[in-house]
Each structure stands twice: as C-alpha cells, then as structure tokens.
K.L.:
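Please find one structure pasted underneath; my questions will follow.
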Amino acid sequence: MSYPRKRAQGKLCKQFSLRGLQKQSLPQEERVVRMPALPLDELQLTERDPKTGKLRTLPALHPEIKADRSFVLYRPPPVVRDPALVEEFLERAKFIADDLNWLLALPHDRFWCQVIFDETLQKCLDSYLCYAPRKFDASLDCHPEVNDMQKCLHRSVFLTFLRMSTHKESKDHFITPAVFGEIIYNNFLFDIPKILDLCVLFGKGNGLLLQKMIENIFTQQPSYFGDLDETLPTVLQVPRSPCCVILRCGIL
C-alpha cells in the first residue's frame with residue numbers, strides 16, 4: 001500500500017515521516033482458515049422432515065437418507081442363443097449395470113447410506129458373485145451382445161466392490177478406519193466366501209487393484225484373519241480351491 005507524499009521545503013511532511021511509516025502497520029490480507037473435515041461417521045446433517053416440515057438433525061449415515069431404489073438379482077447368460085432368453089438377459093443385465101453406475105456416481109455420504117442400508121443392493125451383488133461365469137467354466141457360445149453386456153456389468157460390479165473397500169476417497173471424504181472396519185464386518189459387506197469369489201472373478205487382469213482392496217479390508221478389520229483361519233481347512237479340502245488365488249494376492 002502506498003502513501004501520498006507532500007513536498008515541503010524538500011522534506012516529507014511530519015505526518016508522513018519515515019518514523020511514522022515504520023510504526024504504522026499495513027493491513028493484512030484476509031486469510032481463510034480451513035477447518036479439518038470430519039469423517040463421515042461423525043457428520044450430522046440438518047434437513048427438513050418431509051412429514052412434519054420441521055428441521056431435524058440426523059447422522060450422515062442414516063437409513064432415511066437411503067434412496068428408494070430396488071436392485072434386481074443377477075442371472076447368468078443363457079447357454080443357448082435363444083432370442084427370447086438373450087433379450088431377457090440383456091434387459092436384466094442392463095438394468096443392473098445402470099443401477100450400479102447410478103450408485104457409483106453418488107457422492108460419498110449417499111453412496112455409503114445406500115450400501116449399508118439397501119438390502120436389495122447386497123442381494124444383487126451376492127447373486128453376481130454366485131452366478132457370474134468363471135474363467136474355468138465351459139466356454140459358452142454367447143451372442144456378441146451378451147458378451148459385451150456381460151463385460152460392461154462385470155466392470156460395474158468390480159468398481160462397486162472397489163469403492164466399498166475404500167475408507168478414504170479424499171481428504172474431505174473418508175470414514176474413520178476403525179469404524180469402517182466395523183461397518184464392512186458387521187453389515188457383511190465382505191466375508192471370506194465373498195473375498196474368495198472376488199479373487200476368482202476379478203483376479204485376472206485386476207491383480208494389483210484386487211490386492212490393494214483385500215489388503216485394506218484385512219488391515220482395517222483384522223477379524224477377517226480369524227475368519228480366514230477358520231475357513232481354510234474346509235476350503236483346502238475342495239479340489240481346485242480358489243484359495244491359491246488369494247495366495248497370489250499376498251494376504252497369506
């Protein structure tokens with residue numbers, strides 16, 4: 001900031017003497033202090049109650065925040081090129097893929113409310129893990145449109161599980177690690193059979209991402225190690241056990 005100068009007999013006026021300038025402090029620029037973001041499990045939302053019209057405060061993770069949406073169950077591709085069966089598969093698969101893409105586009109808080117409190121979503125994901133074609137299954141003579149739709153749906157399912165295994169998306173959008181571990185464990189978002197299926201379905205071509213996913217799950221919820229120890233004896237008795245895929249992922 002500059003100050004006006006007046007010349008009087010070749011000297012600065014007294015009111016603008018150098019001493020006065022030194023004592024007078026310059027105005028400081030306004031600074032915006034950024035408060036640290038709270039984890040999602042500590043956030044509170046204020047909104048108007050749709051029934052009473054009054055303001056209310058809810059935890060950011062609350063079942064009433066969940067969107068009213070119904071996810072359908074997955075069915076595998078038809079084994080024959082029957083036009084009616086192909087059309088039925090394409091319609092159902094596209095419906096699921098569109099719903100999952102909608103879910104993935106949700107902001108952090110809305111995504112987790114849907115994941116935790118929407119039972120139809122979890123049933124949909126479980127049905128895919130159970131019935132999606134495996135690499136070692138007998139090759140099917142599927143219609144090209146069926147193959148393309150299956151690949152599209154396969155990607156959407158993987159991205160959904162990948163986001164579900166992530167407790168921190170950014171510095172502003174995250175869940176307390178300990179609480180995240182409780183959420184995924186107590187709500188059965190992941191369990192050992194699901195993890196085995198994930199390894200079998202997505203291990204080829206997504207090895208690095210799958211390894212990070214599983215590592216984070218086990219790191220944030222060590223209880224899975226105990227579950228794995230209990231499951232291994234049974235799994236190892238099954239011929240061609242998918243446990244070898246987990247070994248490649250480096251969690252054992």
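Just the heavy atoms: all of them, side chains too, but no hydrogens, waters or symmetry mates, feed the values below.
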K.L.:
Quick check on Leu208: does its CG atom have over 12 non-hydrogen neighbours (other residues, nucleotides or ligands) under 6.0 Å away?
P.N.:
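Open.
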K.L.:
Are the side chains of Phe190 and Met164 in touch, meaning some heavy atoms are under 4.5 Å apart?
P.N.:
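The answer is yes, as the side chains (C-beta and beyond) meet within the 4.5 Å cut-off.
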K.L.:
How long is the span from the OH atom in Tyr131 to the CG atom in Asp197, to the nearest 0.5 Å?
P.N.:
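One gets 11.5 Å once the value is rounded to the nearest 0.5 Å.
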K.L.:
Are Leu129 and Met213 connected in the hydrophobic side-chain network, where two residues link if heavy atoms are under 4.5 Å apart?
P.N.:
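Leu129 clusters together with Met213.
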K.L.:
Answer yes or no: is there a side-chain heavy-atom contact under 4.5 Å between Trp112 and Ile175?
P.N.:
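Touching, per the 4.5 Å side-chain cut-off.
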K.L.:
Using side-chain contact (heavy atoms from CB on, under 4.5 Å) as the criterion, point out the one residue from Asn216, Val179, Ile184, Ile217 that pairs with His167.
P.N.:
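Exactly one option meets the side-chain contact (heavy atoms from CB on, under 4.5 Å) with His167, and it is Asn216.
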K.L.:
For Ile214 and Cys199, work out which heavy atoms get closest and say how close.
P.N.:
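In this case the closest contact between Ile214 and Cys199 is CD1-SG, 3.5 Å.
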K.L.:
Under a 4.5 Å side-chain heavy-atom rule over Ile, Leu, Val, Met, Phe, Trp and Tyr, are Val157 and Leu159 clustered together?
P.N.:
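They do share one cluster, since a chain of ILVMFWY contacts under 4.5 Å joins Val157 to Leu159.
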K.L.:
Looking only at the side chains, is there a donor atom on one of Asp41 and Thr176 sitting less than 3.5 Å from an acceptor on the other?
P.N.:
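Asp41 vs Thr176: donor-acceptor pair found between side chains.
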K.L.:
Does a donor on one side chain and an acceptor on the other come within less than 3.5 Å for Thr120 and Asp118?
P.N.:
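A pair is found: one side chain offers a donor N or O, the other an acceptor, under 3.5 Å apart.
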K.L.:
Going by heavy atoms in the side chains, are Lys194 and Leu125 under 4.5 Å from each other?
P.N.:
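No, side chains not in contact.
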K.L.:
If the plane angle is over 60° it's perpendicular, under 30° parallel, otherwise tilted; pick one for Tyr224 and Phe218.
P.N.:
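Rings of Tyr224 and Phe218: tilted, 30 to 60°.
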K.L.:
Could you state whether Phe225 and Leu189 fall into the same hydrophobic cluster, counting links through intermediate Ile, Leu, Val, Met, Phe, Trp or Tyr residues with side-chain heavy atoms under 4.5 angstrom apart?
P.N.:
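Yes: a chain of side-chain contacts under 4.5 Å links Phe225 to Leu189.
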K.L.:
Does the pair Val72 and Cys124 meet the rule for a side chain to side chain contact (heavy atoms under 4.5 Å, CB included), with working shown?
P.N.:
CA-CA 6 Å; Val72 300; Cys124 171; 5.8 Å; no
K.L.:
Can you tell me how far apart NZ (Lys123) and OG (Ser70) are? Round to the nearest 0.5 Å.
P.N.:
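Here the rounded value is 9.5 Å.
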K.L.:
Any idea which heavy atoms bring Ala60 and Cys113 closest together, and the distance?
P.N.:
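Shortest heavy-atom contact: O-SG, 3.0 Å.
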K.L.:
When you compare the side chain of Asp227 with that of Asp191, does any pair of heavy atoms fall below 4.5 Å?
P.N.:
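No, every pair of side-chain atoms sits at 4.5 Å or beyond.
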K.L.:
Where do Phe111 and Leu106 come nearest, in terms of heavy atoms and distance?
P.N.:
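Taking Phe111 first and Leu106 second, the nearest heavy atoms are N-CB, 3.9 Å.
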K.L.:
Could you give the distance from NE2 (His173) to OG1 (Thr166), rounded to the nearest 0.5 Å?
P.N.:
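Separation between the atoms: 14.0 Å.
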K.L.:
For this output row, return yes or no: ring centroids of Phe202 and His154 closer than 6.0 angstrom.
P.N.:
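Centroid separation for Phe202 and His154: below 6.0 Å.
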K.L.:
Any non-hydrogen side-chain atom of Asp109 less than 4.5 Å from a side-chain atom of Leu43?
P.N.:
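Asp109 does not reach Leu43 side chain to side chain.
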K.L.:
Between Arg69 and Trp102, is any pair of side-chain heavy atoms under 4.5 Å apart?
P.N.:
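Yes. Closest side-chain heavy atoms under 4.5 Å.
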K.L.:
I need the minimum non-hydrogen distance between Gly203 and Leu210, along with the two atoms involved.
P.N.:
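Answer, listing the atom of Gly203 first, then Leu210: CA-CD2, 3.6 Å.
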K.L.:
Would a 4.5 Å heavy-atom cut-off, applied to side chains only, mark Ile195 and Leu228 as touching?
P.N.:
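In short, these two side chains do not touch, never coming nearer than 4.5 Å.
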K.L.:
For Arg75, does the CZ atom sit with more than 12 other heavy atoms under 6.0 Å from it, leaving out its own atoms?
P.N.:
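Check fails, neighbour count at 12 or below.
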K.L.:
Can you classify the ring geometry of Phe89 versus Tyr74 as parallel (below 30°), tilted (30 to 60°) or perpendicular (above 60°)?
P.N.:
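Geometry flag for Tyr74 against Phe89: perpendicular rings.
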K.L.:
Give a yes or no answer on whether the side chain of Glu169 reaches the backbone of Phe174 with a donor-acceptor pair at less than 3.5 Å.
P.N.:
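Checking the backbone N and O of Phe174 against the side chain of Glu169, no donor-acceptor pair under 3.5 Å is found.
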K.L.:
Side-chain contact test, heavy atoms from C-beta onward, threshold under 4.5 Å: evaluate it for Leu61 versus Ile116 and give yes or no.
P.N.:
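The answer is yes; the side chains approach within 4.5 Å.
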K.L.:
What are the two closest non-hydrogen atoms of Thr52 and Asp49, and how far apart are they?
P.N.:
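Looking at all heavy atoms of both residues, the closest pair is OG1-CB, 3.2 Å.
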K.L.:
Atom CZ of residue position Arg163 - does it have more than 12 heavy atoms of other residues, nucleotides or ligands inside 6.0 Å?
P.N.:
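Yes, enclosed.
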K.L.:
Please check if atom CD in Glu42 has more than 12 non-hydrogen atoms from other residues, nucleotides or ligands closer than 6.0 Å.
P.N.:
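Result for CD/Glu42: enclosed.
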K.L.:
Minimum heavy-atom separation for Ala132 and Leu201, please, with both atom names.
P.N.:
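So the minimum-distance heavy-atom pair works out to CB-CD2, 3.9 Å.
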K.L.:
If you round to the nearest 0.5 Å, how far is CG of Asp82 from NE2 of His143?
P.N.:
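Reported to 0.5 Å precision, the distance equals 11.5 Å.
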K.L.:
Answer yes if Leu162 and Tyr185 sit in the same cluster of Ile, Leu, Val, Met, Phe, Trp and Tyr residues linked by side chain heavy atoms under 4.5 Å apart, and no otherwise.
P.N.:
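Linked within one cluster.
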K.L.:
With the 4.5 Å side-chain cut-off for hydrophobic clustering, are Leu73 and Met149 part of the same group?
P.N.:
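In one cluster: no.
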K.L.:
Which value, rounded to the nearest 0.5 Å, describes the distance between Leu232 atom CG and Glu230 atom CD?
P.N.:
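That separation rounds to 10.5 Å.
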K.L.:
Checking Gln220 side chain against Gly181 main chain: does a donor-acceptor pair fall under 3.5 Å?
P.N.:
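Absent.
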K.L.:
Would you say Glu87 has more than 12 foreign heavy atoms packed within less than 6.0 Å of its CD?
P.N.:
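No - once you tally the heavy atoms of other residues, nucleotides and ligands closer than 6.0 Å, there are 12 at most.
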K.L.:
Can you spot which of Asn101, Asp99, Asp98 makes a side chain to side chain donor-acceptor pair (under 3.5 Å) with Ser156?
P.N.:
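The residue from Asn101, Asp99, Asp98 that satisfies side chain to side chain donor-acceptor pair (under 3.5 Å) with Ser156 turns out to be Asn101.
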K.L.:
Working note: His108 + Leu40, criterion side chain to side chain contact (heavy atoms under 4.5 Å, CB included); need CA distance, chi angles, decisive distance, verdict.
P.N.:
CA-CA 8 Å; His108 187 246; Leu40 182 60; 3.7 Å; yes
K.L.:
Evaluate the criterion salt bridge (Lys or Arg N to Asp or Glu O under 4.0 Å) for residue pair Glu64 and Arg56; output intermediate values, then yes/no.
P.N.:
CA-CA 12 Å; Glu64 291 189 25; Arg56 62 177 181 175; 2.7 Å; yes
K.L.:
Checking Leu153 against Leu100 for the side chain to side chain contact (heavy atoms under 4.5 Å, CB included) test, could you report, in this order, the C-alpha distance in whole Å, the side-chain angles of both residues, the deciding distance, and whether it holds?
P.N.:
CA-CA 9 Å; Leu153 180 56; Leu100 292 180; 4.2 Å; yes
K.L.:
Where do Lys54 and Arg48 land on the side chain to side chain contact (heavy atoms under 4.5 Å, CB included) test, with the steps shown first?
P.N.:
CA-CA 5 Å; Lys54 298 181 180 180; Arg48 196 168 297 279; 5.8 Å; no
K.L.:
Measure the spacing between CG of Leu121 and CD of Gln114 and express it to the nearest 0.5 Å.
P.N.:
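Between atom CG of Leu121 and atom CD of Gln114 there are 7.0 Å.
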K.L.:
Would you indicate whether Glu119, at its atom CD, is surrounded by more than 12 heavy atoms from other residues, nucleotides or ligands within a distance under 6.0 Å?
P.N.:
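No, not enclosed.
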